[in-house]
Amino acid sequence: MGNELEEQIEEVAKLIVNCKRLVVFTGAGINTESGMPDLRSPGGIWSKFNPDDLTHQKNIRDPEARRRNWQMLSIFRMVDSVEPNPAHYAITELDRMGKLDCVITQNVDGLHQKAGVPEEKVIELHGTARWVKCLSCHRRYPMEEIAKRLQAGEAKTVCSYCGGILKSATISFGEAMPAAETAEAERRSRSCDLMLVVGSSLAVYPAAYMPVYAVESGAKLAIINVGDTPMDRYATVCIAEKAGVAMSKIVERAKSKMA
Ligand code: ZN
């Protein structure tokens, strides 16, 4: 490990030790070490589907688009088999150290919760693939239950309560971000004194406004991402390293300082 990386890790560890309210913001880059492809990269899930099919409006109007949405859902099921990686566990450790205000995530996989971050501390800006929702009565079904019905050959899976259209509780393109989650994420971003961005290139808005809110409100910013981000120049530290490698070292270092 180079000296520069060593210094950067030391610097982020110090920021963590000295902060009072830490918000961690995560994106797809945190998952590459879990063996899950970046959904938006070439060859990723999105590239196999026409994003136009995934708009909210089309899902309501067009049965064929809904069928494709279901195919997409069954691919999302692979989320079940994906396990958290060292980056997720390092973030959970920040919670056990009493440092974590919340995790704001662009991911829909539920891996932060699977790694042990309490449900109420995870804000999922793009929804969740762990649930399926009825567009009419808003009833929610666990993905496993719907997956079983699909596997059993049910062609037209509809809400068993009201017959309404079921859709993954993820946020499709063209669909607004969930209002309550977005407002809560903004509030937490504005009231933290340190934001740690892990594995996001901060390219997808409005999610990517969260670090902007944090910086505007006087928080320090640290970014751990393999590529550049538009917020790099506002960050106290940028670490161009894989999330798992960097986060494990950072948390280990912060713990030793707090001991
Ligand atoms: Zn329903």
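Remember, it's 1-based here, ligands and their atoms both numbered in the order they're listed. When reading the values below, keep in mind they use all heavy atoms of this one structure, side chains included, and skip hydrogens, waters and symmetry mates. Quantities reported herein were computed from a predicted structural model and do not represent experimental measurements.
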Note: [X]-[Y] ion pair, threshold 4.0 Å (strictly below):
X      : Y      : result
Glu144 : Lys148 : no
Lys257 : Glu10  : yes
Glu119 : Arg130 : yes
Asp101 : Arg21  : yes

Walk me through whether Lys14 and Glu11 qualify under salt bridge (charged side-chain N to carboxylate O under 4.0 Å, His left out). CA-CA 5 Å; Lys14 273 188 200 154; Glu11 208 170 343; over 6 Å; no

Counterpart residues, side-chain hydrogen bond (donor to acceptor under 3.5 Å, both in side chains), relative to Asp228 (two or more places apart):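 Per chain and number, Asp228 pairs via side-chain hydrogen bond (donor to acceptor under 3.5 Å, both in side chains) with no residue.
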
Leaving waters out, which protein N, O or S atoms fall under 2.8 Å from the Zn ion (ligand 1)?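 Only Cys134 SG, Cys137 SG, Cys159 SG, Cys162 SG fall inside 2.8 Å of the Zn ion (ligand 1).
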
